[in-house]
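A short write-up of the structure that comes next.
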Amino acid sequence: MASVTFDKATRLYPGGDKPAVDALDLQIEDGEFLVLVGPSGCGKSTSLRMLAGLEDVNGGAIRIGDRDVTHLPPKDRDIAMVFQNYALYPHMTVADNMGFALKIAGEDKATIRRKVEDAAKMLDLTQYLDRKPKALSGGQRQRVAMGRAIVRKPQVFLMDEPLSNLDAKLRVSTRTQIAALQRDLGITTVYVTHDQVEAMTMGDRVAVLKDGLLQQVDTPRNMYDRPANLFVAGFIGSPAMNLVEVPIADGGVKFGETVVPVSREAITAAADAGDRTVTVGVRPEHFDIGTEGGLTITVNVVEELGADGYVYGRTDKADGGGQDIVVRVGGRNVPEKGSSLHVVPRAGEMHVFSTSTGARLSD
Ligand SMILES: Nc1ncnc2c1ncn2[C@@H]1O[C@H](COP(=O)(O)OP(=O)(O)OP(=O)(O)O)[C@@H](O)[C@H]1O
Ligand SMILES: [Mg+2]
C-alpha cells in the first residue's frame, strides 16, 4: 500500500491553449479514499489517467509511495483501474474475467482460482462465477469489474465514474458497498465523479476541480462548513447554498432591511480590494423566518418532503428583485404558495465571499 502525490502535475493536450490539468498539488494518504469531483470537462479523468500512466505529464511529477512514476508505463505502476464502461470480455465467464490479469501475469491456475473465489465472496458473486456477463444485472457486472481490480491487490485503486451506468437506487446501495469494501481492504483509492452527493458520502476527503485548477481539498464536513470560495460554495450541497450580493454597511452587511454583523477582517479585506459589496452565502437550513426585516421573498414553489420541506421563493422588487432563494422549513410549518416571508441568516451561519475574486473572507 502507498500514498499518492501529485506534485504540480500538469497536462497540456497537443494543440490545447491551456492545460486540462494545471499544476495539480495533491497528497493522498496511504489507505485513504479520495474523491475528485467537479463539473464536466474540469480535468477529473485527465488527472486519473495521468496517475494511471495513460496520459503524458507535461510538467511536475507523480509519485506512488516514494517511487517517482511520472514516466513509468502503466504496467509498472501497480495500480488497478475501474472505468465507467466496465468493458468485461463477453465471451468469458465471470471467473475468467476476474482472473484475466492474473493469467496474463503468469500466475498458476490454482492460485488464480483461490484469489477469484476470495474476491467473489467479498462481492457476493460466488453463485455467478460460471455465468457470462450478458446474463448479469448492471449492478452485478459492476461488481465483476470491481472484482477484476481487487484480485490484483494493487497499491492503488483508480475509479472513474464506476457507478454512472447504474440506476439511481442501485447507485446509492453500490456506493455504500464500495466505500465499505475499500475500508476493509485499506487500499489507497482515487475515485472520480461529477456527483457531489456521491463525493460527500464516499470520500474520506474530497478534492474539487474547476477548469483544471484545484479549488479545495478537505473532509466532506469541512467542505460543507467552510467552502474556500464561491465556486465550492455553490457546488457542494443540495439544494445549493444561497449566494446573495449585498452592500457593505456599518459593522456588517445589509441583508435586505437588516444589518447582519460580519467580522471586521472580512469587511476590511473587501474594502481593500475596492469592493462596495460582498457576496454572502446562506445554506437553506440556516435562515430564520419571520414577519419582518431581512429579505422579503414571495413563495413560488413548496416542496414537501415529510420531515421537512423546501420553499423556493424570489426576492421582491424592494430587495433588488428576482433573486431566487431556497429556504428549508419544518414539515409541520410550511408556508402557502404566493405568501410573503421575511428571511434573515441565522447568527454565525453566514459565509462571506469577495464579490470580485470569489475568495472566502469570513473565517
Ligand atoms: N485526448 C484529448 N485531447 C484534447 N483535449 C482533451 C482530450 N481529453 C480531454 N480533453 C479536454 O481536457 C479537458 C478535461 O477533460 P476530462 O476528460 O479530464 O474532463 P472530466 O472532468 O473527466 O469531464 P467529465 O465529467 O465530462 O468526464 C476538457 O476540456 C476536454 O475537452
Ligand atoms: Mg471524465
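Worth saying up front: this structure is predicted, and the values here are computed from it rather than measured. Just so you know, ligand 1 is whichever comes first in the structure, and atom 1 is the first atom listed for that ligand.
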Run D68 and R63 through salt bridge (Lys or Arg N to Asp or Glu O under 4.0 Å) and show every step you take. CA-CA 4 Å; D68 185 334; R63 288 186 291 278; 5.4 Å; no
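- For G38, the closest heavy-atom approach to ligand 1 does not fall below 4.0 Å.
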Where do R67 and Q155 land on the side-chain contact (heavy atoms from CB on, under 4.5 Å) test, with the steps shown first? CA-CA 12 Å; R67 284 189 305 150; Q155 287 202 312; 3.4 Å; yes
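- S40 lies apart from the Mg ion (ligand 2) in this respect, since none of its N, O or S atoms is found at a distance under 2.8 Å.
- E55 and T46 share no donor-acceptor pair across their side chains, judged by distance under 3.5 Å alone.
- Closest to atom 26 (O) of ligand 1, if we only count protein heavy atoms, is S40 OG, 2.5 Å.
- Contact annotation: C42 has at least one heavy atom less than 4.0 Å from an atom of ligand 1.
- Atom 8 (N) of ligand 1 is approached by the protein to below 4.0 angstrom, counting heavy atoms only.
- For ligand 1, the atoms closer than 4.0 angstrom to any heavy atom of G43 are 14 (C), 18 (O), 19 (O), 20 (P), 21 (O).
- Regarding atom 11 (C) of ligand 1, its nearest protein heavy-atom neighbour is Y13 CE1, 3.9 Å.
- Ring orientation note: the planes of F235 and F231 are close to parallel, at an angle under 30° on the 30°/60° scale.
- Here atom 14 (C) of ligand 1 lies nearest to G41 when heavy atoms of S47, G212, G41 are compared.
- With respect to atom 25 (O) of ligand 1, the closest heavy atom belonging to the protein is K44 NZ, 2.7 Å.
- Side-chain contact, N165 with Q142: no donor N or O sits under 3.5 Å from an acceptor N or O.
- The pair E349-R283 does not count as a salt bridge, with every side-chain nitrogen at least 4.0 angstrom from each carboxylate oxygen.
- With salt bridges taken as basic N to acidic carboxylate O contacts below 4.0 Å, none links K121 and E117.
- Between H194 and ligand 1, a contact under 3.5 Å exists for no N or O pair.
- In this structure, atom 30 (C) of ligand 1 has its sub-4.0 angstrom surroundings free of protein heavy atoms.
- Looking at R360 and N229, their side chains never bring a donor and an acceptor atom within 3.5 Å of each other.
- In this comparison of G15, A20, S45, the heavy atom closest to atom 27 (O) of ligand 1 sits on S45.
- Each of the following atoms of ligand 1 lies closer than 4.0 Å to a heavy atom of T46: 14 (C), 15 (O), 16 (P), 18 (O).
- In summary, D96 and K132 do not engage in a salt bridge, as defined by a charged side-chain N under 4.0 Å from a carboxylate O.
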